[in-house]
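Heads up: the structure comes next, in structure tokens.
Note on naming: letters A, B, ... go to the chains in the order of the sequence lines (proteins, then strands), and numbering restarts at 1 for each one.
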Amino acid sequence: MTTDNKQKYLITSALPYVNGELHLGHLIGCWLPSDIYARFCRACGRDVLYVCGADEHGTPVVVGAMKENMSPFDYSSKYYEKHLRAVKDFNLSFDLYGRTHTELQEKLIHELFLRLDNEGLIEERETLQPFSVDDNMFLADRQLLGTCPKCGYENARGDQCDKCSASYEATELLNPRSAISGSTNIEMRPTKNLFFLASKIEGKWKQWLETHAPKWSKTAIAIAQGWAKEGLQDTSITRDLSWGIPVNKPGYENKVFYVWFDAPWGYVSISQAANKDWETWWKNPDCHYAQFMGKDNVKFHAVLFPEQQLAMNDNWKTVDQLKAMNFLNFEGGKFSKSEKRGVFLDEAVSIAPADAWRYALIASAPETDDTDFTFARFADIVNKDLNGMLGNFVSRVCKLTDKNFGLTVPNAGELDASLTAQVNEKIAELTAALDACEFRAAVVALRSLYAIGNEYMTVKEPWTLVKNGNAEQAGAVLNECFQLIDLYARVSAPFIPDAAEKIQRVFNNTHDLSWPKEFERRIQNGEAFTVPENLFSRIDDARVAELTEKYAKKEDNNVKPVVAKIIAVKNHPSRDDLHLLTVDDGTNHNLQIVCGAPNVRVGLIGVLAPVGCVLPTMKKPISQRTVAGTESFGMMCSAAELGQGNNADEIIELDSDAKIGSIWEIK
RNA sequence: GGGUUAGUAGCUCAGUUGGUUAGAGCGGAGCGCUCAUAACGCUUUGGUCGUGGGUUCAAGUCCUACCUAACCCA
């Protein structure tokens with residue numbers, strides 16, 4: 001234990017997985033709130049250990065690495081580097097942004113496993129797993145593909161179908177094949193795995209839940225209680241995989257620990273790498289432990305990690321404050337790298353400075369429900385709060401003073417009691433909100449503080465006082481304003497660290513950015529100051545439109561009717577009223593279409609509604625279907641079906657110069 | 001299919017244990033100010049609180065069914 005009596009705060013942010021680019025949702029989901037909380041705690045003089053890092057193990061990395069023809073480690077490292085860059089770009093103040101593929105992690109997991117084994121909480125069980133003979137390996141659920149037994153979708157995964165969302169056992173999957181080689185030589189083979197007997201510590205966990213859960217967020221409590229009702233399940237903690245922490249038990253040489261067994265302990269191994277006194281947080285019952293995560297992660301932090309910690313019976317610090325964020329949507333939809341929807345962290349800081357993102361995102365943080373990010377709102381917040389209220393306040397005070405008193409802070413007058421009372425009330429609100437990790441409420445209080453300064457200026461009118469020859473009173477007002485500027489730097493620092501430093505540099509003397517308990521007048525009469533450059537800049541409507549166009553382009557994914565030419569006409573084998581057409585739609589030159597219209601002939605140029613196309617006269621899209629025993633891959637349209645008049649019997653005929661393959665716009 | 005959470009002004013959200021005329025910011029409208037970054041301040045306009053039932057002297061708040069969305073689980 002350390003000798004100082006500063007309160008210990010352990011803060012962790014969920015470990016992002018090294019698979020794909022991170023976006024604004026990851027930033028607001030756990031990184032940003034945890035960073036603001038950590039900065040606030042440090043400013044309050046608390047002894048903070050704040051860690052995060054990359055979660056590197058598990059099947060998706062193996063699959064991703066194979067696709068990119070890299071080793072899992074190189075693949076993981078590639079994304080780890082991207083994480084590191086984002087951490088730097090957004091001023092995230094982790095003591096260490098580590099990773100889970102380290103020697104420390106391996107040593108820790110091995111120790112923990114032996115301990116669990118000694119406690120009698122590990123059991124060997126044999127299960128049947130799909131084995132790919134050609135790949136010479138067992139396949140995890142997502143490495144196995146096949147046809148869904150429920151809906152017939154051909155690219156269903158081993159455990160569930162992405163199309164109809166049915167779930168099933170791997171043995172039920174039809175025509176199973178390996179996602180790695182495509183081989184269909186799949187056998188169900190017995191394999192031994194180690195199970196963690198969570199059911200044995202259910203009582204201990206439930207007791208723990210009762211004393212800890214009341215301090216958590218509503219969602220977290222609900223999820224944990226749901227699990228408490230169902231009871232804890234014994235879970236397999238080993239996998240037939242080569243990438244991960246090797247299992248330190250004879251007979252398990254080809255297996256690794258399941259990623260969700262090792263990942264949470266990354267908090268500990270990263271702490272070990274970050275601070276040699278890590279045990280003064282992790283083994284200290286008086287330490288306050290706050291965890292930040294997205295809502296999809298609650299189960300692991302409220303159930304799996306604590307149950308493991310308790311099972312160790314080794315005085316591990318468990319979570320006190322569990323803060324789960326909901327998801328951030330983007331301009332009405334989900335973020336998607338493949339569809340180019342959304343701002344990703346590799347380019348966000350080229351759009352606006354880190355502080356603008358930090359403030360705008362936390363101001364509309366998805367605390368109670370999923371929230372939609374829009375550039376219009378982003379611009380509103382930046383323009384109004386940061387630019388108009390905070391930046392402009394600093395600017396107007398400095399410039400007015402410079403004009404009338406020069407570059408020194410005018411002498412103070414009597415303390416303005418009502419101003420002090422107002423400010424102190426808001427400081428108290430802000431402090432309470434941050435302690436409770438209620439970030440929206442915190443921003444409301446912060447905003448109110450900014451508003452107080454502007455209102456004070458407007459009411460006191462120091463420029464009028466100067467004009468009326470009342471320089472002393474004007475100076476006293478401006479002195480209060482400089483005290484406010486100092487205050488703003490301090491209370492803004494956890495949210496917008498870069499701007500806070502710039503504000504503090506207005507004063508030639510150095511003042512720390514410690515957290516104020518109340519409104520203090522730290523700026524001395526006659527203290528020199530500098531008029532700063534504008535702290536923030538506006539995002540105008542044109543820029544909003546430009547950004548929306550670039551990042552939130554409303555992709556029209558609907559399949560459109562196309563101009564197509566009939567190149568062959570045959571009679572239908574079984575129905576006299578139907579014809580079998582061969583149609584050229586520009587990309588596919590011999591589409592088979594079944595058509596009943598009387599006016600079909602070779603060379604006719606008409607309009608084809610391809611599979612997936614929704615016509616104005618129909619509710620459902622055209623499907624690929626069998627008409628009277630013959631497959632039809634679309635439909636030749638009549639004028640009526642295209643919303644052009646009443647002719648529903650004959651297919652529409654276009655002029656001979658219509659371009660085959662071009663989209664036929666429905667008017 | 002089961003569980004959980006959410007659905008409140010044009011937009012983004014507050015609304016503690018059910019209790020007088022449902023709040024805030026943005027946007028819109030108007031006024032003021034001119035020290036300041038077309039910025040600031042003040043006033044004002046917006047709501048059958050997802051839908052249908054029910055409990056109650058009283059429901060945004062409790063119960064129930066349904067609709068919509070998200071997450072977790074199967």
Side-chain angles (χ1 to χ4, degrees), chain A residues 25 29 150 159-161 164-169 217-231 233 235 293-304 324-329 331-334 360-361 363-405 433 438-441 443-448 450-467 474 477-478 481 531-541:
Chain A
K150 306 260 165 72
D159 56 342
Q160 68 165 31
C161 172
C164 71
S165 77
S167 73
Y168 36 77
E169 293 299 316
S217 67
K218 212 173 165 182
T219 341
I221 294 171
I223 291 174
Q225 282 172 345
W227 282 92
K229 217 186 285 171
E230 275 191 39
Q233 303 290 320
T235 49
M293 73 207 70
K295 64 176 168 180
D296 55 332
N297 251 327
V298 172
K299 181 192 150 194
F300 300 101
H301 290 83
V303 184
L304 299 187
M325 285 288 194
N326 288 283
F327 285 176
L328 188 72
N329 288 324
E331 298 278 0
K334 292 190 177 187
L361 287 173
S364 46
E367 280 184 300
T368 50
D369 201 358
D370 292 356
T371 299
D372 194 34
F373 174 91
T374 61
F375 282 111
R377 187 168 152 70
F378 175 64
D380 278 347
I381 294 173
V382 171
N383 293 345
K384 185 75 185 172
D385 292 14
L386 293 181
N387 209 53
M389 295 174 83
L390 177 59
N392 182 49
F393 179 75
V394 173
S395 176
R396 66 198 293 210
V397 170
C398 290
K399 287 181 181 171
L400 181 62
T401 306
D402 180 28
K403 212 176 280 179
N404 296 290
F405 299 88
E438 287 168 6
F439 295 99
R440 274 177 183 261
V443 172
V444 169
L446 184 61
R447 251 187 75 93
S448 312
Y450 298 159
I452 288 171
N454 284 307
E455 191 186 340
Y456 184 70
M457 283 279 274
T458 305
V459 171
K460 297 289 179 183
E461 295 185 71
W463 53 91
T464 310
L465 292 171
V466 168
K467 271 180 204 157
V477 169
L478 289 168
C481 291
V531 181
E533 294 288 310
N534 286 348
L535 294 167
F536 306 98
S537 47
R538 277 184 64 80
I539 301 171
D540 61 25
D541 291 349

Atom CG of A:Asp370 and atom P of B:U4: how far apart are they, to the nearest Å? 18 Å
Does a distance-only test, which skips hydrogens and angles, find a donor-acceptor pair under 3.5 Å between the side chain of A:Asn392 and the base of B:A36? yes
Atom C1', compared across B:A14 and B:G60: separation rounded to whole Å: 12 Å
Close side-chain approach of A:Arg447 to A:Lys384, heavy-atom, < 4.5 Å: yes
Calculate the interatomic distance between A:Leu535 atom CG and B:A36 atom P; express it in whole Å. 16 Å
What pattern of brackets, bars and dots sums up RNA chain B from 5' to 3', given Watson-Crick or G-U wobble pairs under 3.5 Å, [ ] for crossing pairs and | for another strand? (((((((..((((.....[...)))).(((((.......))))).....(((((..]....)))))))))))).
So, does A:Asp370 use its side chain to make a donor-acceptor pair with the main chain of A:Leu328 at under 3.5 Å? no
P gap between B:U68 and B:A58, integer Å: 32 Å
Minimal non-hydrogen separation, A:Lys460 against A:Leu465, with atom names: O-CD1, 3.7 Å
Counting any heavy atom closer than 4.0 Å, what does A:Phe536 reach on the DNA or RNA strands: base, sugar-phosphate only, or nothing? base
Which atoms form the tightest heavy-atom contact between A:Leu390 and A:Phe536, and what is the distance? CD2-CE1, 4.0 Å
Taking all atoms of both residues into account, what is the closest heavy-atom pair of A:Ser364 and A:Ile381, and its distance? OG-CD1, 4.2 Å
Determine all donor-acceptor pairs shorter than 3.5 Å in which one atom belongs to a side chain in residues 373-380 of chain A; sequence neighbours excluded.
from     : atom 1 : to       : atom 2 : distance (Å)
A:Thr374 : OG1    : A:Arg377 : N      : 3.2

Which part of the nucleic acid does A:Ile381 contact within heavy-atom distance under 4.0 Å: base, sugar-phosphate only, or nothing? nothing
Looking at every strand, decide which applies to A:Asn534 at a 4.0 Å heavy-atom threshold: base, sugar-phosphate, or nothing. base
Calculate the interatomic distance between A:Tyr456 atom OH and B:C35 atom P; express it in whole Å. 19 Å
Pick the nucleotide of RNA chain B nearest each of A:Met457 and A:Asp372; which residue has the one closer to the 5' end? A:Asp372
Taking the same atom, P, in B:C66 and in B:C72, what whole-Å distance lies between them? 24 Å
If I compare all heavy atoms of A:Tyr450 with all of A:Asp385, which pair ends up nearest, and what's the gap? CD1-O, 4.2 Å
B:G46, syn or anti by chi within 90 degrees of zero: syn
Minimum heavy-atom distance between A:Leu400 and A:Pro462, given as atom pair plus value: CD2-CG, 3.8 Å
Between B:C13 and B:G19, how far apart are the C1' atoms? Round to whole Å, please. 25 Å
Just call it for A:Thr371: base, sugar-phosphate, or nothing, with non-hydrogen atoms closer than 4.0 Å on any strand. sugar-phosphate
Measure from CZ on A:Phe327 to C1' on B:A70 and round the result to the nearest Å. 8 Å
Answer with base, sugar-phosphate or nothing: what part of the nucleic acid does A:Gly388 contact at a heavy-atom distance below 4.0 Å? sugar-phosphate
The nucleotide from B:A36, B:C73, B:C40 with an atom nearest the side chain of A:Lys299 is B:C73
A:Asp296 has an atom CG; how far is it from atom P of B:C72, in whole Å? 5 Å
Tell me, do A:Met325 and A:Met293 make a side-chain contact under 4.5 Å, heavy atoms counted? no
Do A:Ser395 side-chain atoms and A:Gly391 backbone N/O form a donor-acceptor pair below 3.5 Å? no
Write down the distance separating the P atoms in B:C31 and B:A36, rounded off to the nearest Å. 24 Å
The answer to which of A:Lys403 and A:Ser364 contacts RNA chain B further toward the 5' end, by nearest nucleotide, is A:Ser364
Distance, P atom - from B:U4 to B:G46, rounded to whole angstrom: 40 Å
What nucleic acid atoms does A:Lys460 come within less than 4.0 Å of, heavy atoms only: base, sugar-phosphate, or nothing? nothing
Which of the following nucleotides, B:A6, B:C40, B:C71, is nearest to the side chain of A:Lys334? B:C71
Which heavy atom in A:Pro532 sits nearest to a heavy atom in A:Val394, and how many Å separate them? CG-CG1, 3.9 Å
Determine the Euclidean distance between corresponding C1' atoms of B:C42 and B:G50; express it in Å to zero decimal places. 36 Å
Does the protein touch nucleotides 25-34 of chain B at the base, only the backbone, or not at all? Give it as B, S and - per nucleotide, heavy atoms under 4.0 Å. SS------SS
Span that lies between the C1' atom of B:G52 and that of B:G7, in whole angstrom: 16 Å
Spacing between A:Glu455 atom CD and B:C42 atom C1', to the nearest angstrom: 9 Å
Starting at atom CG of A:Leu400, determine the distance to atom C1' of B:U37, rounded to an integer number of angstrom. 15 Å
Nearest to the A:Arg538 side chain among B:U12, B:A39, B:U37, which nucleotide is it? B:A39
Considering only B:C71, B:A14, B:U37, which nucleotide approaches the side chain of A:Asn387 most closely? B:U37
For the backbone of A:Arg538 and the side chain of A:Asn383, can you confirm whether one donor and one acceptor N or O come within less than 3.5 Å of each other? no
Rounded to the nearest Å, what distance is computed from the CZ atom of residue A:Phe378 to the C1' atom of nucleotide B:C13? 19 Å
